[in-house]
Amino acid sequence: MTPPGSVDSPEALRALPEEALDGVCAALREEIVSVCGRVGGHLGASLGAVELVVALHRVFHSPKDALVFDVGHQAYAHKLLTGRRARMHTLRQEGGVAPFLEPTESPHDAFGAGHACTAVSVALGMAEAMAREGGLFRAVAVVGDGGLTGGLTFEGLNNAGASPHPLVVVLNDNGMSISSNVGAVAHLLKSASARAFFESMGFTYLGPVDGHALSELLPALAEARRARRPVLVHVRTEKGRGFSPAESDAATRGHAMGPYEWRDGKLVRSRGGRATFSEAFAEALGRAMEADARVVAVSPAMLEGSALVGLKTRFGTRVYDVGIAEQHAVAFSAGLAARGARPVCLLYSTFLQRAMDQLVHDVVLPRLPVTLAIDRAGLVGADGATHQGAYDMAWLRALPGLRLYAPVVGADVEPMLATALSGQGPAALRFPRGTLPAVPEAFVASVAPVVGGRWLLFPKEARGAVVAAGPLALSALEAASGLEGVAVLDVRVVSPLDAEAVDRALETGRVLTLEEGTTRGGLGSAVLEQAARTGRRPRFMLLGLPDAFVRHGDARAQRRALGLDAAGITRALGALFALK
């Protein structure tokens with residue numbers, strides 16, 4: 001018989017006797033803990049879904065049956081069971097196993113997703129396509145209960161409940177997204193009304209099922225697979241199951257707690273020493289909330305990631321967690337602002353994309369004083385292509401009347417936030433993931449009000465200029481210090497651009513624009529537009545993220561590879577000065 005710890009295909013799993021499956025689950029759980037200890041990752045949800053994943057692969061025949069996982073936080077056991085066990089130690093590393101589901105990596109990854117709430121809609125589309133092909137196989141949406149706080153899931157459920165075709169929705173209910181779920185749905189799922197709710201939407205409801213008891217999971221999933229209409233299987237699991245440090249983490253149940261190691265029988269986690277941009281913003285926001293009772297914070301289920309846990313403790317109901325619902329977060333902020341509040345809505349750059357219509361229609365068009373804090377702008381490293389903050393500058397600067405700020409160092413954050421909150425219309429601050437950079441000697445931080453650009457260097461005989469946004473300005477300053485005649489402009493305000501300062505850069509005759517975002521429509525495009533308006537024709541070079549999705553890996557290594565470090569900027573300036 002195949003040893004439980006070496007099962008690496010659904011076929012091998014289905015060939016085992018049922019009494020061997022508990023051993024498979026134990027081996028998978030041990031491997032997930034080991035991998036996350038070495039390279040980090042989304043530990044808690046995957047530990048809680050081990051038995052569920054084993055049961056899914058036992059009952060359904062992937063890839064002919066399509067298993068569509070919402071996000072992928074719960075899918076590490078799925079990766080281990082579908083041919084990636086030998087490479088799992090490369091998880092989230094450059095060239096290694098993807099952080100989320102990735103169809104190009106395995107045919108068993110039916111659909112890739114790094115953003116929540118997509119699974120029901122996608123699986124329904126697959127079920128409809130399967131019905132056109134004869135209906136021999138099943139589409140399965142595996143959705144965390146956190147996904148039920150997002151509107152897209154309900155759009156899919158609404159459509160699916162009226163479908164004449166079979167669809168299986170597996171609700172993995174552990175009571176949490178990153179932290180505990182909020183709102184009415186969380187209460188509904190704990191009550192006897194859950195059955196009536198889903199049946200009223202047109203689903204056959206099975207459950208609730210103990211998600212750690214294969215004796216309950218296997219027959220429930222088998223019944224769902226036999227059904228000829230939409231079925232919802234309500235499975236209750238425990239996030240962090242089987243790993244005591246995760247189980248004892250009351251806040252997130254080990255959501256993303258690696259890397260770590262055991263020392264003298266105790267778990268020791270790797271921790272950074274310096275403060276992050278997220279923490280610097282949260283500290284500035286706390287002082288703003290102390291000074292002005294109108295200032296409130298809004299988060300779409302990201303209290304931990306946005307460093308808001310302390311503010312929630314201090315300010316209570318002035319810090320809103322609205323669930324995994326970015327569209328609602330922005331529209332809710334608009335409603336707050338319309339009645340006199342000064343909301344600060346904190347979102348990751350990649351998740352702000354989901355609320356673009358609300359920002360345009362509900363905030364910018366009526367010119368409401370909503371301030372966006374755009375975290376994880378630029379490269380994010382191990383989370384990869386689904387999470388890179390590549391596009392916020394390009395589309396935010398197109399919105400009339402929205403002021404967009406980009407701090408270089410931590411000391412820039414508070415004056416920029418103060419300027420944003422004191423304005424009459426919408427504003428946004430974008431800042432990267434990671435620790436605050438060291439402040440060079442003689443560097444002068446911003447003071448409020450923040451208006452226009454800031455020259456970090458302007459030699460008497462300037463023969464070229466770097467126009468930069470955000471912390472990359474420090475890399476530009478480092479590069480320029482080894483060259484003669486290079487000026488460095490930190491734009492500070494990406495939109496509206498400081499036309500006078502940019503004109504001065506254009507007058508040097510050579511301009512290199514520098515941004516950690518797409519160059520298509522971003523800062524470089526803004527500077528080129530200014531040159532076109534004024535008729536200036538300097539030599540240009542645009543340096544930023546490529547016209548391609550950047551995959552997972554170490555963000556510092558990616559910056560080096562893309563030429564976004566001091567050495568790369570030096571090379572780019574050399575090429576620019578060589579132009580005739």
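Worth saying up front: this structure is predicted, and the values here are computed from it rather than measured.
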**Prompt:** Side chain of D321, backbone of A301: donor and acceptor closer than 3.5 Å?
**Reply:** yes

**Side-chain touch F198/L171, heavy atoms, less than 4.5 angstrom** = yes

**Message:** Using modelled atom types and a 3.5 Å cut-off, is there a donor and acceptor pairing between side-chain atoms of S475 and backbone atoms of D565?
**Reply:** no

**side chain to side chain donor-acceptor pair (under 3.5 Å) between S349 and R430, intermediate numbers included** = CA-CA 8 Å; S349 172; R430 79 179 308 262; 5.4 Å; no

**Asked** Are the side chain of S163 and the backbone of N159 linked by a donor-acceptor contact shorter than 3.5 Å?
**Response** no

**Prompt:** Between the side chain of D173 and the main-chain N/O of G175, is any donor-acceptor distance below 3.5 Å?
**Reply:** yes

**Message:** Within a 6.0 Å radius of atom CD on E199, are there more than 12 heavy atoms belonging to other residues, nucleotides or ligands?
**Reply:** yes

**Message:** So, using side chain to side chain contact (heavy atoms under 4.5 Å, CB included) as the criterion, who are the partners of R354 when residues are at least two apart?
**Reply:** H115, C117, E326, F351

**Request:** Test side-chain contact (heavy atoms from CB on, under 4.5 Å) on T350 and R376 and set out the steps.
**Result:** CA-CA 8 Å; T350 185; R376 273 63 166 179; over 6 Å; no

**Request:** Indicate yes or no: at least one non-hydrogen side-chain atom of T519 is less than 4.5 angstrom from one of L543.
**Result:** no

**Prompt:** Okay, side chain of S46, backbone of H73: is any donor-acceptor separation there less than 3.5 Å?
**Reply:** yes

**Request:** Answer whether the closest heavy-atom distance between the side chains of L347 and P300 falls below 4.5 Å.
**Result:** yes

**Item:** Main-chain N/O of V142 paired to Q74 side chain as donor or acceptor, under 3.5 Å
**Value:** yes

**Asked** Within the distance-only criterion (no hydrogens, no angle test), does the side chain of Y391 pair as donor or acceptor with the backbone N or O of T518 below 3.5 angstrom?
**Response** no

**Partners passing ring-ring contact (aromatic ring centres under 6.0 Å, His included) against H78 (at least two apart in sequence or in another chain)** = H57, F69

**Request:** Check the pair H234 / Y205 against side chain to side chain donor-acceptor pair (under 3.5 Å), numbers first and verdict last.
**Result:** CA-CA 7 Å; H234 186 177; Y205 175 90; 2.7 Å; yes

**Message:** Is there a side-chain contact between D375 and F431 in this structure, where contact means two heavy atoms from C-beta onward sitting under 4.5 Å apart?
**Reply:** yes

**Prompt:** Any Lys/Arg nitrogen of E51 or R29 sitting under 4.0 Å from an Asp/Glu carboxylate oxygen of the other?
**Reply:** yes

**Intermediate values then yes/no, ring pair (Phe, Tyr, Trp, His ring centres under 6.0 Å), H552 and F100** = CA-CA 10 Å; H552 52 283; F100 303 106; 9.4 Å; no

**Item:** Main-chain N/O of P99 paired with R92 side-chain donor or acceptor, under 3.5 Å
**Value:** no

**Asked** Counting N and O atoms only, with roles assigned by atom type, does the side chain of R433 sit under 3.5 Å from a partner on the main chain of G378, one being a donor and the other an acceptor?
**Response** no

